[in-house]
Visitor: 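Encoded as structure tokens, here's the structure I'll be asking about.
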Amino acid sequence: MPELPEVETTRRGIMPHVKGRRIMAVVVRQRQLRYPVPLRLKHELKNQIVYDVVRRGKYLLLCCDAGSVIIHLGMSGSLRIVARDTVAGKHDHIDICLDNDLCLRLRDPRRFGLLLWTRRNVMQHRLLRDLGPEPLTLDFDSEYLYQRSRGRRQAIKQFIMDSHNVVGVGNIYASESLFMAGIHPLRAAGRVALPRYVVLVDAIKRVLQQAIAQGGTTLRDFYYGDEQPGYFGQSLQVYGREAQDCRVCGSGIRQRRIGQRASYYCPVCQR
DNA sequence: AATCGCGCCTGACGGC
DNA sequence: TGCCGTCAGGCGCGAT
């Protein structure tokens, strides 16, 4: 399940092979992703130069003069750089073939991802225009999140996972950040005081930054490689550790569902 | 306006 | 062995 650090690692991994290249062809083997892959993309993308590869939240954007490709990896998606004649596997749905004999290949077994094409200003696209701030920029700060949370009864975990409030905080890192900040995931967002938002915002930034730094060590795998970068390399404090000892106080880590999602926390450290 | 819950889809896993 | 049921999970969207 790619979270923001995995998407950013992907962006950095494909960038050197994609940026500045001309698109020679697009192969669509499976159209049925989250939304049907638009067929007009096949001829409208041809001969376009990819002048930049941008990330917005967990979306990746291939920016061209005529428009932009919008990609989301969903639950199980990945992008690889492969040699032009590399045989496609069962779930290799789309190839974007470049003028350097390489292809950008989208694989997505569960097909929760998407690949769209827009000719308008991509940031005005309906999937992007209402997104909250990037977590690693300065405009995402405690004052912002605090003000935004006033009057909200929603659980803090759901609040920070809502992309309208801040993008890129997925299920794993939401649990991890709340543990770091000592905040119980079920606490109402509107009942968290400003000093605690200071700690929480700092925790979100740190946990994402650390994961990106670790993802960077597997960058080489994007070229002819098959290894997944990700959070497996880092030690998670609470996620997936139900009934195991809290690394801080030794209490049993609990799991419960919050808004349909598995959530992990320490009942003693988090209030 | 805020919030809740659904459903897209497949692989992994456990039970028999 | 192999089949089948269950579950996970990002996120947009419709319902409340």
Side-chain angles (χ1 to χ4, degrees), chain A residues 1-11 28-38 55-61 70-79 88-94 106-116 118 122-135 145-177 185-192 204 207-208 211 226 228 230-232 236 238-243 254-264:
Chain A
M1 56 210 94
E3 296 231 22
L4 184 144
E6 289 73 40
V7 178
E8 177 61 20
T9 299
T10 298
R11 188 186 73 83
V28 180
R29 300 184 194 83
Q30 168 61 272
R31 289 191 69 201
Q32 302 308 315
L33 305 184
R34 167 176 271 278
Y35 304 105
V37 176
R55 181 185 58 74
R56 176 74 176 99
K58 295 183 191 173
Y59 290 94
L60 281 173
L61 313 172
I70 304 173
I71 298 170
H72 195 290
L73 300 177
M75 278 293 302
S76 58
S78 60
L79 283 170
K90 183 179 177 186
H91 301 295
D92 292 333
H93 305 317
I94 297 169
L106 175 68
R107 171 182 298 183
D108 187 1
R110 294 188 185 177
R111 292 193 263 142
F112 279 20
L114 64 85
L115 190 147
L116 298 173
T118 179
V122 65
M123 293 304 177
Q124 296 306 311
H125 190 277
R126 63 184 178 85
L127 293 177
L128 304 180
R129 68 185 172 207
D130 296 324
L131 292 179
E134 287 290 327
L145 206 58
Y146 173 74
Q147 290 302 338
R148 191 152 177 106
S149 68
R150 292 308 87 185
R152 300 288 191 92
R153 298 181 180 186
Q154 190 177 33
I156 183 73
K157 176 159 181 281
Q158 293 175 287
F159 178 74
I160 62 174
M161 287 180 67
D162 185 337
S163 63
H164 295 101
N165 301 323
V166 57
V167 297
V169 181
N171 198 41
I172 296 173
Y173 295 127
S175 282
E176 293 297 308
S177 319
L186 279 175
R187 175 171 288 273
R191 291 182 150 271
V192 175
I204 290 171
V207 75
L208 293 176
D226 58 4
Q228 279 280 11
Y231 37 74
F232 300 107
L236 297 172
V238 287
Y239 188 84
R241 299 192 64 242
E242 183 182 13
R254 300 218 176 130
Q255 189 221 45
R256 50 185 296 184
R257 300 191 73 74
I258 302 175
Q260 325 283 77
R261 305 287 152 72
S263 307
Y264 301 85

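A note on names: the letters A, B, ... follow the listed sequences, proteins ahead of strands, and every chain is numbered from 1. Hydrogens, waters and symmetry mates play no part in the numbers below; they use all other heavy atoms, side chains included.
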Visitor: Does a side-chain N or O from A:Gln154 land closer than 4.0 Å to OP1 or OP2 of B:dA2, or not?
Guide: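 For B:dA2, OP1/OP2 do not have a side-chain N/O of A:Gln154 under 4.0 Å.
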Visitor: Could you pick out which residue, A:Val169 or A:Arg257, lies toward the 5' side of DNA chain C when each is mapped onto its nearest nucleotide?
Guide: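 Nearer the 5' end of the strand: A:Arg257.
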Visitor: Does the side chain of A:Arg261 pick up a donor-acceptor pair with the side chain of A:Asn171 at under 3.5 Å?
Guide: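 No, because no side-chain N or O of A:Arg261 sits under 3.5 Å from a partner of the opposite role on A:Asn171.
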Visitor: Heavy-atom nearest nucleotide on DNA chain B for A:Arg34 versus A:Lys90: which residue maps closer to 5'?
Guide: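 It is A:Arg34, whose closest nucleotide lies nearer the 5' terminus.
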Visitor: Side chain of A:Ser163 only, heavy atoms from C-beta on: which candidate in C:dG12, B:dT10, B:dC6 is closest?
Guide: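 Given the options C:dG12, B:dT10, B:dC6, the side chain of A:Ser163 is closest to C:dG12.
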Visitor: Does CZ belonging to A:Arg256 count more than 12 external heavy atoms closer than 6.0 Å?
Guide: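 12 or below, so no.
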Visitor: Heavy atoms from C-beta onward define the side chain here; which of B:dC9, C:dA8, C:dG9 lies closest to that of A:Arg111?
Guide: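 Nearest listed nucleotide: B:dC9.
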Visitor: Start at the 5' end of DNA chain C and walk down; is the nucleotide closest to A:Arg126 or to A:Met75 reached first?
Guide: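 It is A:Met75 whose nearest nucleotide is closer to the 5' end.
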Visitor: What's the angle between the local helix axes at either end of the helix from B:dA2-C:dT16 to B:dC16-C:dG2, using five pairs per end and rounding to 10 degrees?
Guide: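 Overall, the helix from B:dA2-C:dT16 to B:dC16-C:dG2 bends by 40° from one end axis to the other.
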Visitor: Answer yes or no for A:Arg150 and A:Phe159: cation-pi contact, defined as NZ/CZ to six-membered ring centre under 6.0 Å and angle to ring axis within 45°.
Guide: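 Ring-cation test returns no.
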Visitor: Can you check whether any acceptor in the base of C:dA8 is under 3.5 Å from a donor in the side chain of A:Arg110, or vice versa?
Guide: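 When only heavy-atom distances are counted, A:Arg110 does reach the base of C:dA8 through a donor-acceptor pair under 3.5 Å.
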Visitor: Using the rule for Phe, Tyr, His and the six-membered ring of Trp, do A:Phe112 and B:dC8 stack at under 5.5 Å and under 30°?
Guide: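 Answer is yes, a stack.
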Visitor: Name the closest nucleotide to the A:Tyr35 side chain, picking from C:dG12, B:dT3, B:dC6.
Guide: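 So the side chain of A:Tyr35 is nearest to C:dG12.
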Visitor: Starting the side chain at C-beta, find the nucleotide from C:dG12, B:dT10, B:dA2 nearest to A:Arg152.
Guide: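 Given the options C:dG12, B:dT10, B:dA2, the side chain of A:Arg152 is closest to B:dA2.
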Visitor: Counting side-chain heavy atoms from CB outward, which of C:dC13, B:dC4, B:dG11 is closest to A:His91?
Guide: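 Of the candidates, B:dG11 comes closest.
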